Each structure stands twice: as C-alpha cells, then as structure tokens.
Amino acid sequence: MEYNFSEIEQHWKKYWTDNHVYKVENPAPGQTPKPKFYVLDMFPYPSGAGLHVGHPLGYIASDIYARYKRLCGYNVLHPMGFDAFGLPAEQYALETGQHPAVTTEKNIARYREQLDNIGFSYDWSRQVRTSEASYYKWTQWIFLQLFHSWYDRSMDKARPIADLVKIFELTGNAGYPCPGDDTCSFTAEQWKAYSEKDQRNILMNYRNAYQGYAQVWWCEALGTVLANDEVVNGVSERGGHPVERKNMRQWFLRITEFAERLLNSLDNLDWSEAMKEMQRNWIGKSNGAEVSFKLAGGEGEVLVFTTRPDTIFGVDFMVLAPEHELVDSITTADQKQKVDEYKAYVKSRSERERMSEVKQVTGAFTGAYVLHPFTGKKIPVWISEYVLAGYGTGAIMAVPSGDDRDHAFAKHFDIAITNVFGDAYTGDKAYSSKTGTIENSDFLNGMPVSSAIDAAIAALVNAGVGTKKVNYRLRDAGFSRQRYWGEPFPIVYKDDVPYGTDELNDATLSQLPVELPMVEHYKPGPEGQGPLANIEDWVSLSLGEGRGEATRETNTMPGYAGSSWYFLRYMDPHNGTEFAGRAATDYWQQVDLYVGGTEHAVGHLLYSRMWTKALHDLGYISFDEPFRKLLNQGMIQGSSRFVYKLMNGGIFPGDFDVSSLPDIYISKDIVDKLISREPSVKEKVEHFIKENGGVYSILMDWEKEKYDGIPLGRSRVDVNIVNGLELDVNAFKKWRAENVNAKFLCNEDDRFVCEAEVEKMSKSKYNVVNPDDIVKEYGADTFRMYEMFLGPIDMSKPWDTKGIEGVHRFLKKLWRLYADEQKGWIVTDEAATDAELKVLHKTIKKISEDMERFSFNTSVSQFMITVNELSSLNCHKRAILEPLAILICPFAPHMAEELWHKLGHTDSVVKAAYPQYEEKYTVDNTKNYPVAINGKARVEMEFALDAAQADIEAAVLANEAVQKWMEGKQPKKIIFVKGKMINVVI
RNA sequence: GCGGGCGUGGUGAAAUUGGUAGACACGCUAGACUUAGGAUCUAGUACUUCGCGGUAUGGGGGUUCGAGUCCCUCCGCCCGCACCA
C-alpha cells in the first residue's frame, strides 16, 4: 500500500465539498455560542496571470492556523473572496473590447481552481466579490453614511450630519471649526438665513466624504486622467504622450479628522512594530508652530509651519513651494522671468525625479521680502521644489545653521548664514541635533532646545504672530476615479449641488444599489470625465412631477472602497437588508488574525481602520478596530536561471557570414574556469567549437583580453526546464524554435550547469513556478508543508523546487508508520511504551507552542524528528499514531483525513479534538549538563534534575577531565544554572 | 535624504528567556539493497589539524562567569516613501 497522494487528494477534496465540511454557521438566536475565532487572508485581485507559488504562502499559514483553532474547539470563520474591481481589467477591456465583468469572471474561475488544488478550508458559501451588485450595494450604503456624517472633535467621534445641522440652528458654528475652510464662521441666525445651496456648501466642508479639488495627471492625447502608475518619466505609459497637472473636482474621505485616533489606537494592536511605525510615519504627526511673516512694503503675510520655532532668530530666507498661491502676486517685475522659468521647469519634473535627485539644489528668488516678527529684519523670499505645496502651509522659514536642506540651499545661492547654535555649528554643516543651547537669539539665549521652543511659541502668541500647531503629514484620501470598472456613486446633482440618492425620497431612485450600467466602449467621457459620462440616458434623470432634473455622478470609487469593509460582509454575506446583521458582527467581532503582505501597510490597512471607526461611531458595529493581530508573510522570490552562450559578433572580418556559425552554449562551471584562465579548459573549448563548425580562434587572444573580453553572452532560461542547476537540454531545444540546433559543451559529468540568481518572481524573468505543477508532481500536502518549511513566515526567501524532495520523503516516511508497501495496513492496538509516549507528548507540546507563535517552519522540522524517532522505535501503535494524525491535519489535511478514516473513523478528522500533552511525559529526570571551564564547554556530565547544587559541584570538581582543564588551579566561582549548564571559573 | 528590516555552513535555515552555535532539510561523498533507480536504507559532511586541539554567527570595540542574542561603532544587502520643514 503505497502513498498515492493524487488518489487520496482527489477523493477527500470531493468528500469535503459534497459534505460541506468547511461550512461555518453563525449561532442561532438564543443558542449559547461556541467561542469564535476569525482568521482572514487579504483577498486577492484576480489578475490574468493566475497564481504563482509565492501567492499561497500566507493562505497556507492562515489555513493551518484556522484548522488548528478549529481542532481546539473554536468556531472558526475562515472565508475567501475576490477584490474584483480594478484598473487592469479596464485596461484589458480597452485593448480587447472584452467586458471587464467577463474577464474578471474568467480570472476568478482560474484562481478558484488553483486555490482548490491546495486543500484550503475556506467556507466558499461566504465568498464575496466586490464587483457584484449585491456587495457594492453596501459599499455605496457605507459611502452614504460617510457622506451624511461629520467628525465631532470635542467628542472625538463621527456623528450624523443632522446633529450638526441642529447645532448650527441653535448656536451657529462657534466651537465647531470647519475642517474644510477655517475662515468659515456664522451665527444661528445667519445659518437659518442661508439658501439651501449655501447651507449644503457649508456642510460639504464638514462631511466625512466630501467634494473638493485636487490635481490629477491629465493626458490630452488620450483624453483621460491617469493614475500615478500610468505616468512614467513624465509621459503616459501608454503611447508616451505628454501629461500635465489638472485641477478637478473630486470626492475625498476626511481621514485627517481621524488622524489622532488612528495614531493612538495603534498601541493596542498586535501588529509588528515595523507595520505600526510605517503607519505612524504616514500619519506623520509633528508638533510645532505656525508663524506669520508680514510682507515688506505691502499687504499680506507668508504663513509658515515649523517644528523648530526656537531657531526663529536664525531665519535667513523664506522658501515657498513653486505652486504656492502667493508666488505670482509677490514676485517683482525684474524677477518675473526667472520665477516663471523655474515654475515651468518644476512642472516638467515628475514626482520620481524630484525624489531621486535630492542632492540637486534648485530655486529662484521672487524679489519679495518679509519682515522678521521680532527683529524687523528684511528676509528674502525664494521658491524651490524642495518645499511641497501639500504639506504644512506650503512655505517654510529657512534656518541654514540648523537644517541640512536649508544649509545646502544657502550655500548654493550664496546667502549669508546666521548661526544660532554657538560653537555647535561649524560653518560647513547644519547643526540639526536637538541637544545643546540656543545662542545669538535675544531672549532665547542660553536656553536648551525644548524650553526655547516653548518660550518662542509663547512670545509669538503674545505678539499675535503665531500659534502652537500640530501638523499631520496625512492628507485626505482621494476617492474619485474617472473610470468605468468600479462602484458608481449613489450621488445625483441638482443645480450642481450633490445629494445622496437616499435624500431623493423616491422609491425607485433612492434604492441601492446604483447599478453599474453596461457600456458600449470604455473610452473616457468629455473633459476628463469617466466613461459613464458617455451614457446620456443613465446620467440624466427626471425627479418626477415638478421636482426638476438631476444628473448622476459619473466618477466611480477607487479600488480600496470595496476592500475597506469586506471583512464585515463575510460575517453575514447573504444579508439583503443590512451590510451585516448586528447579531453577526457582535458575535464575530474583530478579525483575530489577518494575514497578508506588507504592501498594504499604509493604504488598505489605514482606510479599513477609518471605515471601521466611522461605522462604530455611527452605532453600526461594536468595535472600532478591524484587525486585532496582523501577520505579514514575506515574499517568495523567484530563482532565475541563466545559460552562457558564445557570442558570434564583432570579432570577424567584415564579409564573414556570422549566421553560419552554430549556437554554442557553455556550462557554467566551464565558464568559471574560462574566466580564471585555466589552460586545459581553453583547449577543451576550442576543440569543441572547432568540432561543431565554429571558429575557435576567437578565444586565442584571451591573455590580452580582460574578463569581459571573453565573447560570452548570458540569457534567461525558463526555470521549469532546469532541475536544480542542471539544464534539461532536450527541453531547452524545444523551448524555442531557434534552439533546435543548439550545441552544448557540458562538464565532465556530462551535465549542463546554469547560473542562478534571486529576483522577483515574474513572467518576464521566466522564473515563475506554478503551484498546479508542484501539486501535480508531489501533491498538495507536500506543497503546503514545503512552503512552510522554507523558513519563517515573515521572511522573504527564494523558491527552489529542488528542496521539496525532503518534505515529500518525510510524508512517505510518515505514511509507512501506518502502512507497509507489501503488508498493507500495519497499525496495531498494542499498548504504547513510555519511550513512544514521550515522543508523542513532546511533539504535541512543541507543535502547540510553535503554532501559537506562528513558527510553522520549526513545526515541520519537529514532525520530521518525530517520524524519524517513531521509525527507529518501529512504532505502529494506534495510541501514538491516532493523535499524530490529528496533529498533522492542519499541515497535510488530505493525508490526515485518509489515515483518520483508515483508523476506523467515519466522521471527518476536521471534527476531531486536538490532543493535549501530559506533563509527565514531557519532562526529563536527568540532564546532560555541558560543563564549561571559563565559559568554554569541555565535557558533558549527567545529573538528576533535582540533584543538590553542592553534590553537583563536588562531582564536577572530582571529574577527571575537569581537573585536567583546571590544571591544578582552584576554582574562583562555579556557576550553576539548573537545567542549563555548569561553568567553572578559574 | 527619511523610515523599517536583515546579515549564521555550498544552499534554505535552527538556537523561543544571555547558557553545548549549525537542529531539521537540500546538496555533496562513500556504502548497502537492486535488472534498474529521480525508490529505500546506513554512515559522513562549518573551517582547520594526522591527532590533542584551535578558529568560526558581516568587521571592530564593550558589558558579562558566559554574547548569534544586550550596548556602541563601522560595512554590506533588501523593502517602503509624499525632499515633511
């Protein structure tokens, strides 16, 4: 009875599906529920390329953990779905005319097939797809909740906009500053006197989902707005057309109002420090002051934000962002040309360029001056691209003695530097440390930085020219896309004022979802609008008798809309009246374990945190953080293979017909010897070339050539036709038509060796390994265990198919504990010995511990050790092998199920109970102590664990080997750590 | 430039709390069984040395009876980013 994995896996796959083994039930009303556990994977975007072996890494880890928790008695929610809206499907549609719904469906089917091959325990009846109307209905509904709410800073929570209207009617907006317009101020009477349109314009500046203006990349030639990704080197990726910045009305989520809360509640999350740090940096809280500098000889002021108000006496110039609104009005006539030229130059530069050329100092002088608030000194105003319009006030006070970039700028443009740090500033480098005292600064002289900051702010406030200010890097999230394949907004415009469809009081029009209409083509609408703008009879609607006309919003929502709340839908996926029933969300609560890559560190993970907080504040769910524990899996990199080929170019007389020469490939190990100029190899190569009709003289002069003078080329070869490093020569000949007549110079063992290099796994690098192929050859159980065995789950590591043999051998060896090739089933009911029980219970202990710390690679090692030990004990006893089958189930579910049924059970092993270890079998009575002399381990001595220290010390000193190392000296000290080691210090 | 992470055999790695560095595998080398081996089994495999031993966790320094692990410093690699005032 052999381990026939493909038969076993086919059989149980069908059994699990037919019997709905992985179906998860919500507790019935009134029922005392089992404890719950929610294990979630970041759902994939179903791309056309399908899965490669790197994708399932996290899915396998989460599946193992979910199965483990299930065996431990939890009701485990472990769902999967698809993030199905997105740009690639639309681009594909533009090229081929196929509807994104069709290609998406096709891709999902392919993904599903691949996932099913690996034996995941997903409850597919809970599958969600973000592009389905029954799902995006609720994405639209949540958008409306954000639209109809605002952030109450005093209560620190989102509240319905109706509450705000009541406040305005009673007291105006005093005490409720407007986040979208800080100059906005009105009384209750004024509010009531405003027109509906004016009122709604004011409310828009409070809403959590609001309209504003933002710059987008506009491509005139394509007639469309482009994503950052689609702009490469300042031109469009498609077609290479010029692009420019264009201001457009857009939807935003007011995530900045949640900034402080998003920052603070990170402390309570079980996420890696790296992940939390990334979010903290993205939110980017900084404390400082806003300072106003009056323009010299004119009206107006320049407002700056600074974290170092203590250095205010060191200000030597001001810098505005080139896009700053004041630039045009303050620039003097004689500087206008230079400023305009500089602005044009900045406009031509992409974000990437501006980032990668940090060291380059550029800028222009506006000709304008401001006055120092304390000294009245005239300070010149410059513009430069290193100041960003989007951060702070878009202007800085430059202190070259204390800031590196300001210092470089001053040196470059020859601006005199005021030193406010005394001897700490040397003149050739800014002193940016926050230690030391402030000098040359009037009333701040001699103060350490922190008190100088407070004193400076106090003085600024006192003089009425500054305020203490907290600034965040975080910007509101753009929520509009001028695209087709996304959720339509449940928004209509009346008289250019946006209304939620639920405000229309119309049985039909108020109904969600606003379905994505079919379109004939995916070309953009007029003036940068999305394709939906082309469908006139969809866009315009009549509101009925006497209520006029309206038009629909033609933007769609961005990719992260659907993924911001999908974890809630899994809890109650078929609910037709709510996004998820309260009973369901109260039961399942937060995701207990969320597994996914770090690429979502600041996008998806921040947005879904905000949505969860908003839904919580508005009373829809009872928790305000979505993901309690986050586990980031590392990337599986590709291991590319390269072959060396003799190049036939450039060395021949002009009339030589190069195409008559054979294609000669040379094994990597021979190439190495060639490069190190081994004479025997030179002969061998020349001989081979001659024999195959080549011209060997090309190698004759190598003594004069450098390494790169050897005419060798390196080209990629598909990793799937290489076994380890050995090229399958016949497969290579078939791989590409031009390879048919290739000649191979192999090594002494008649092997052709390739070179390997670790790179990102991608089609263009020919290093993609498809999980289907691995599963076919070794089985899903081997594949699952091997992915875990590769290393710690959170580390990046290269894929190497060769190593899978070891894990496959292990599973076969495990199988042989239960079944013999000749004798068949060999499990006996004999009582287990103490030695066997010890192996079992130590294994249970180790695996359980590893599981809790997600150390799956060491679990696999432990299983290997266990099987090795049981094999040498010749153990075929049910008392040992039955619990072992349960232990292995999370890792190798198919084999576990087969063994479980062969052991006589009729129900699935999934429903078994996880074995518990007994302490008495896991503790040893004695310990082989390493005995060290001066910290160097010299001998091993065995002692009972409960032996008295004095007895042990005496025995150690009496030991012959110890005495030899002590060389007759007296011990100064003996360190004894119970259960660990003994160290004799002499 | 800023932020985060990582450096251990030929390779993937282990060492969970400062306590025998290299578990478990891959690969490699022998051997057994076999018609055969991409099956199975046995032994060996960090470097160095005939051996006793010595040397090794990117380099240098420190704390400690004891450091892969803690501290300082330098070097290298990877990832993220919005030059963040």
Side-chain angles (χ1 to χ4, degrees), chain A residues 2 228 272-278 280-282 284 286 288 304-308 311 319 351 354-360 384-388 390-399 402-406 408 432 471-475 598-599 601-602 634-635 637 639 723-725 756 758 786 789-792 794-807 809-810 812-813 816 821 846 849-850 852-853 855 857-865 868 871 928-940 971-977 979-986:
Chain A
E2 264 189 349
N228 273 339
S272 70
E273 254 331 287
M275 213 61 171
K276 290 187 188 180
E277 204 51 35
M278 275 192 241
R280 285 191 196 109
N281 286 328
W282 193 260
S286 53
V304 304
F305 174 74
T306 178
T307 54
R308 296 293 303 275
T311 62
V319 187
E351 301 269 318
R354 283 173 73 160
M355 247 195 299
S356 59
E357 293 161 25
V358 175
K359 299 248 162 71
Q360 198 178 324
S384 174
E385 60 178 344
Y386 82 90
V387 174
L388 303 180
Y391 182 73
T393 61
I396 62 157
M397 56 177 226
V399 182
D403 181 278
D404 291 332
R405 289 183 317 260
D406 297 348
S432 51
N471 218 19
Y472 298 94
R473 249 163 43 110
L474 186 71
R475 301 204 282 252
T598 52
E599 66 271 22
V602 288
M635 222 178 29
Q637 292 142 319
S639 183
N723 178 19
L725 289 176
V758 173
Y786 182 54
F789 188 59
L790 278 175
D794 53 348
M795 295 278 214
S796 288
K797 54 239 155 185
W799 176 266
D800 175 16
T801 303
K802 193 108 197 182
I804 202 169
E805 298 280 355
V807 174
R809 276 201 274 268
F810 153 74
K812 283 194 280 191
K813 200 165 172 182
R816 285 198 301 271
E821 240 170 87
K846 171 78 171 134
E849 284 167 1
D850 283 352
E852 292 303 343
R853 60 190 180 105
S855 181
N857 56 327
T858 53
S859 295
V860 178
S861 298
Q862 180 57 48
F863 279 123
M864 290 174 169
I865 294 168
N868 288 344
S871 298
N928 247 336
Y929 282 92
V931 178
I933 314 295
N934 279 345
K936 196 103 204 137
R938 295 299 181 186
V939 278
E940 270 189 11
K972 279 192 197 125
K973 203 181 341 176
I974 298 178
I975 314 268
F976 169 71
V977 185
K980 295 280 186 194
M981 47 70 65
I982 299 158
N983 187 14
V984 181
V985 187
I986 54 171

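Letters A, B, ... mirror the listed sequences (proteins, then strands); counts begin at 1. Computed from a predicted structure; not experimentally measured.
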S.K.: Would B:G27 be called syn or anti, given that syn covers angles within 90° of 0?
M.R.: anti
S.K.: I need the CD-C1' distance between A:Gln637 and B:C77, as an integer number of Å.
M.R.: 12 Å
S.K.: With C1' as the reference atom in both, quote the distance from B:U69 to B:A14 in angstrom, rounded to an integer.
M.R.: 14 Å
S.K.: Output the rounded distance in Å from NZ (A:Lys797) to P (B:C79).
M.R.: 16 Å
S.K.: When the C1' atoms of B:G59 and B:C77 are considered, how many whole Å apart are they?
M.R.: 15 Å
S.K.: Only counting residues at least two apart or in another chain, list the ones meeting salt bridge (Lys or Arg N to Asp or Glu O under 4.0 Å) with A:Lys797.
M.R.: none
S.K.: Should the heavy atoms of other residues, nucleotides or ligands under 6.0 Å from CD of A:Glu940 be counted, would the total exceed 12?
M.R.: yes
S.K.: In this structure, how many angstroms lie between the P atom of B:C83 and the CZ atom of A:Phe305, rounded?
M.R.: 16 Å
S.K.: How many whole angstroms separate atom CG of A:Asp800 from atom C1' of B:U11?
M.R.: 8 Å
S.K.: Give A:Asp406 one of three labels, base, sugar-phosphate or nothing, depending on what nucleic acid heavy atoms sit under 4.0 Å from its own.
M.R.: nothing
S.K.: Can you check each nucleotide of nucleotides 27-47 of chain B against protein heavy atoms at under 4.0 Å and return B for base, S for sugar-phosphate only, - for none, in 5' to 3' order?
M.R.: S----------BSSS------
S.K.: A:Phe789: which residues meet the ring-ring contact (aromatic ring centres under 6.0 Å, His included) condition with it, sequence neighbours left out?
M.R.: none
S.K.: Counting the atoms with a prime plus P, OP1 and OP2 as sugar-phosphate, which does A:Ser286 contact under 4.0 Å by heavy atoms, base, sugar-phosphate, or nothing?
M.R.: sugar-phosphate
S.K.: In whole angstrom, give the distance that lies between atom CE of A:Met397 and atom C1' of B:C84.
M.R.: 15 Å
S.K.: State the dot-bracket string of RNA chain B. Criteria: Watson-Crick or G-U wobble, both atom distances under 3.5 angstrom; notation: ( ) intrastrand, [ ] crossing earlier pairs, | interstrand, . unpaired.
M.R.: (((((((..(((......[....)))((((((.......))))))(((....)))..(((((..]....))))))))))))....
S.K.: Take A:Tyr786 and A:Trp799, measure what side chain to side chain contact (heavy atoms under 4.5 Å, CB included) needs, and give me the verdict at the end.
M.R.: CA-CA 10 Å; A:Tyr786 182 54; A:Trp799 176 266; 3.6 Å; yes
S.K.: What is the distance, rounded to the nearest whole Å, between atom CZ of A:Arg473 and atom C1' of B:C81?
M.R.: 7 Å
S.K.: Using the C1' atom as the reference point in each nucleotide, state the distance between B:A56 and B:A36 in Å, no decimals.
M.R.: 44 Å
S.K.: With sequence neighbours excluded, what pairs up with A:Asp406 under the side-chain hydrogen bond (donor to acceptor under 3.5 Å, both in side chains) test?
M.R.: A:Tyr386
S.K.: Identify whether any heavy atom of A:Asn471 sits under 4.0 Å from a base atom; if not, whether one sits that close to sugar-phosphate; answer base, sugar-phosphate or nothing.
M.R.: nothing
S.K.: From A:Ser855 OG over to A:Asp794 CG, what is the distance, rounded to the nearest 0.5 angstrom?
M.R.: 9.5 Å
S.K.: Quantified in whole Å, what is the C1' atom distance between nucleotide B:U64 and nucleotide B:C71?
M.R.: 12 Å
S.K.: Under the side-chain hydrogen bond (donor to acceptor under 3.5 Å, both in side chains) rule, collect the residues that match up with A:Lys813, sequence neighbours excluded.
M.R.: A:Asn868
S.K.: What distance do A:Ser859 atom OG and A:Arg853 atom CZ have between them, rounded to the nearest 0.5 Å?
M.R.: 8.0 Å
S.K.: Can you name the residues that form a side-chain hydrogen bond (donor to acceptor under 3.5 Å, both in side chains) with A:Gln637, not counting sequence neighbours?
M.R.: none
S.K.: So what does A:Pro792 touch, heavy atoms closer than 4.0 Å: a base, only the sugar-phosphate, or nothing?
M.R.: sugar-phosphate
S.K.: Round to the nearest Å and state the distance from A:Ile933 atom CD1 to B:G53 atom P.
M.R.: 13 Å
S.K.: Taking B:U16 as the reference, what is the distance to B:A23 when you measure between their P atoms (whole Å, please)?
M.R.: 15 Å
S.K.: What one-letter contact string describes nucleotides 60-71 of chain B from 5' to 3', where B marks a base within less than 4.0 Å of any protein heavy atom, S marks contact via sugar-phosphate atoms alone, and - marks no contact?
M.R.: -----B------
S.K.: Applying side chain to side chain contact (heavy atoms under 4.5 Å, CB included), can you list everything that pairs with A:Ser286, at least two apart in sequence or on another chain?
M.R.: A:Phe305, A:Thr307, A:Tyr391, A:Asn471
S.K.: Between the protein and nucleotides 2-5 of chain B, are there any N/O to N/O pairs under 3.5 Å, and if so, what are the atom names and distances?
M.R.:
residue	atom	partner	partner atom	Å
B:G3	O2'	A:Asn281	ND2	2.4

S.K.: Which heavy atom of A:Lys980 sits nearest to which heavy atom of A:Tyr929, and what is that distance?
M.R.: N-CE2, 3.7 Å
S.K.: Give me the atom names and distance for the closest heavy-atom approach of A:Val319 to A:Ala398.
M.R.: CG2-CB, 4.3 Å
S.K.: Map A:Val860 and A:Asn857 onto RNA chain B by nearest heavy atom, then report which one ends up closer to the 5' terminus.
M.R.: A:Asn857
S.K.: Using the C1' atom in both, what is the distance from B:U55 to B:U49, to the nearest Å?
M.R.: 11 Å
S.K.: So does A:Lys846 reach the base of B:U16 with its side chain, donor to acceptor, closer than 3.5 Å?
M.R.: yes
S.K.: So, is A:Arg938 near the phosphate of B:G54, with a side-chain N or O under 4.0 Å from OP1 or OP2?
M.R.: yes
S.K.: Let me confirm one number: the CG-CG distance from A:Leu474 to A:Asn281, rounded to the nearest 0.5 Å.
M.R.: 12.0 Å
S.K.: What distance, rounded to whole Å, do you find between the two C1' atoms, one in B:C24 and one in B:A32?
M.R.: 25 Å
S.K.: Heavy atoms only: give me the nearest A:Thr858-A:Asp850 pair and the separation to one decimal.
M.R.: OG1-OD2, 3.0 Å
S.K.: Taking OP1 and OP2 of B:A13, is either one under 4.0 Å from a side-chain nitrogen or oxygen of A:Ser861?
M.R.: no
S.K.: Can you list everything that forms a side chain to side chain contact (heavy atoms under 4.5 Å, CB included) with A:Asn983? Sequence neighbours excluded, please.
M.R.: A:Ala932, A:Ile975, A:Met981, A:Val985
S.K.: Indicate, with a heavy-atom threshold strictly under 4.0 Å, whether A:Glu940 touches base, sugar-phosphate, or nothing.
M.R.: base
S.K.: Taking only the side-chain heavy atoms of A:Thr306 (C-beta and beyond), determine which of B:A85, B:G19, B:G12 contains the nearest atom.
M.R.: B:A85
S.K.: The side chain of A:Met864 lies closest to which of these nucleotides: B:A82, B:U20, B:A25?
M.R.: B:A25
S.K.: I need the A:Lys812 NZ to A:Glu805 CD distance, nearest 0.5 Å.
M.R.: 7.5 Å
S.K.: Counting only side-chain heavy atoms from C-beta out, which of B:C24, B:C83, B:A82 sits nearest to A:Asn868?
M.R.: B:C24
S.K.: Taking only the P atom of each, what is the distance from B:C70 to B:G5 in whole angstrom?
M.R.: 12 Å
S.K.: Starting at the 5' end of RNA chain B and moving along, which residue's nearest nucleotide shows up first, A:Asp403 or A:Arg853?
M.R.: A:Arg853
S.K.: Can you tell me how far P of B:A82 sits from CD of A:Glu385, to the nearest Å?
M.R.: 15 Å
S.K.: What residues, two or more places apart in sequence or in another chain, satisfy ring-ring contact (aromatic ring centres under 6.0 Å, His included) together with A:Phe863?
M.R.: A:Phe891
S.K.: Base, sugar-phosphate, or nothing for A:Lys276, non-hydrogen atoms under 4.0 angstrom?
M.R.: nothing
